[in-house]
Amino acid sequence: MKFAIFGDIHANLEALDAVLQDAAEHDCTHYVCIGDIVGYNANPHECLEVVRELGCPVVKGNHDEEASLDTDLVGLNPLAEQSMRWTRDNLTEEDKEYLRDLKMVRQVRDYTVVHATLDTPSGWSYVTNKFDAMASFSYQYTPLCFFGHTHTPVTYIKGTAVEVDRAQVVDVEIGKKYFVNVGSVGQPRDGDPRPSYCIYDMGGQRIVNRRIEYDRAKAQGKIRDAGLPEMLAERLDLGK
Ligand code: ZN
């Protein structure tokens, strides 16, 4: 049984379509979304439709939460504020209700999924080093947990100590714990502009991170046509 585990789609429909096509070509039969379906890019409603159509487990991201609420946007940086205002205006009430009802943490088969951290899932802090990862490991009760939020694929492995593994293929060993960042579908930030997601082969106990090509120009054209900040289109070229 192979799971495609993906998130930080951020309303990039072209990237989402490409990832789902690649997953199907690699025999994935199950899908799991680690959140941030909306925000930044130009197709929030359409991406929500695609994810809902999959009928798969989904956890809530910080942009999903922000977009589903009516709260003041003061305090965000101008870029985030402008795109969040646009996102709220381009979601239906039903979309917002769906986002509001998402859970923070879920267990799927033998693994856990969360958007940001396991120690305080609703605090939206970032796991960027092994010390951050250790805090999550204290609350990880399954051998594997998949997460996102930093838009950078990486695996933290806890044996006697915590190691950082950036290999594309990770074989799961008994007795160790794995905290796996699947990277971002719609706005990668590790300098590689290609969408990122993971395939988890449960039978073979193997995790593979995949980077794929997509129609970036089309996604950028939509951002410009929508009147969203130019920077949001440009950063898709940089992978930042
Ligand atoms: Zn995100």
Side-chain angles (χ1 to χ4, degrees), residues 4-16 18-19 31-48 50-51 57-69 73 75-88 90-91 95-96 98-100 102-106 113-118 120-128 132-133 136 145-154 179-198 209 211 214 216 219 223 228-229 231-236 238-240:
I5 305 173
F6 62 97
D8 290 292
I9 299 155
H10 287 296
N12 186 334
L13 183 63
E14 286 67 35
L16 176 59
V19 160
Y31 298 85
V32 175
C33 176
I34 55 97
D36 270 3
I37 301 167
V38 305
Y40 295 127
N41 300 308
N43 284 126
H45 172 74
E46 293 77 3
C47 287
L48 263 171
V50 171
V51 171
V58 180
V59 288
K60 188 186 286 188
N62 51 314
H63 286 256
D64 302 327
E65 178 172 85
E66 195 76 61
S68 73
L69 301 175
L73 290 171
L76 295 179
N77 68 61
L79 192 74
E81 185 185 325
Q82 195 183 340
S83 67
M84 186 48 70
R85 219 176 284 287
W86 186 92
T87 298
R88 283 179 174 178
N90 284 274
L91 290 175
D95 292 338
K96 292 179 189 178
Y98 171 84
L99 292 174
R100 255 193 306 273
L102 291 174
K103 292 193 171 66
M104 288 289 181
V105 184
R106 293 191 62 156
V113 283
V114 68
H115 184 67
T117 73
L118 281 176
T120 44
S122 59
W124 311 119
S125 35
Y126 293 86
V127 174
T128 57
D132 299 334
S136 275
C145 177
F146 294 90
F147 75 109
H149 196 42
T150 65
H151 298 205
T152 300
V154 61
F179 193 50
V180 185
N181 195 313
V182 300
S184 169
V185 171
Q187 194 193 78
R189 292 182 194 156
D190 61 344
D192 181 344
R194 295 175 301 165
S196 169
Y197 78 104
C198 282
N209 176 243
R211 303 304 288 261
Y214 78 109
R216 198 158 73 229
I223 292 167
L228 282 160
M231 175 62 197
L232 292 175
E234 282 172 12
R235 70 189 298 176
L236 294 182
L238 307 171
K240 289 279 184 199

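Whatever order the structure lists them in is the order used to number ligands and atoms, beginning at 1. Heavy atoms only: backbone and side chains are in, while hydrogens, waters and symmetry mates are out.
Thr152 and Asn181 are not linked by any side-chain donor-acceptor pair at a separation below 3.5 angstrom, with hydrogens and angles left out of the test. Looking only at atom types and distance, the side chain of His10 has a donor-acceptor partner in the side chain of Asp36 under 3.5 Å away.
Distance check: Asp190 CG to Lys240 NZ gives 7.5 Å after rounding to the nearest 0.5 Å.
Around the Zn ion (ligand 1), the protein contributes the following N, O or S atoms under 2.8 Å, ordered by chain and number: Asp8 OD1, His10 NE2, Asp36 OD2, His151 NE2.
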Walk me through it: do His149 and Ile34 pass the test side-chain contact (heavy atoms from CB on, under 4.5 Å)?
CA-CA 9 Å; His149 196 42; Ile34 55 97; over 6 Å; no
As a quick check of understanding, evaluate side-chain contact (heavy atoms from CB on, under 4.5 Å) for Leu16 and Val51, giving each step before the final call.
CA-CA 9 Å; Leu16 176 59; Val51 171; 4.3 Å; yes
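Two residues are said to be in side-chain contact when any heavy atoms from C-beta on lie closer than 4.5 Å; Pro195 and Asn12 fail this criterion.
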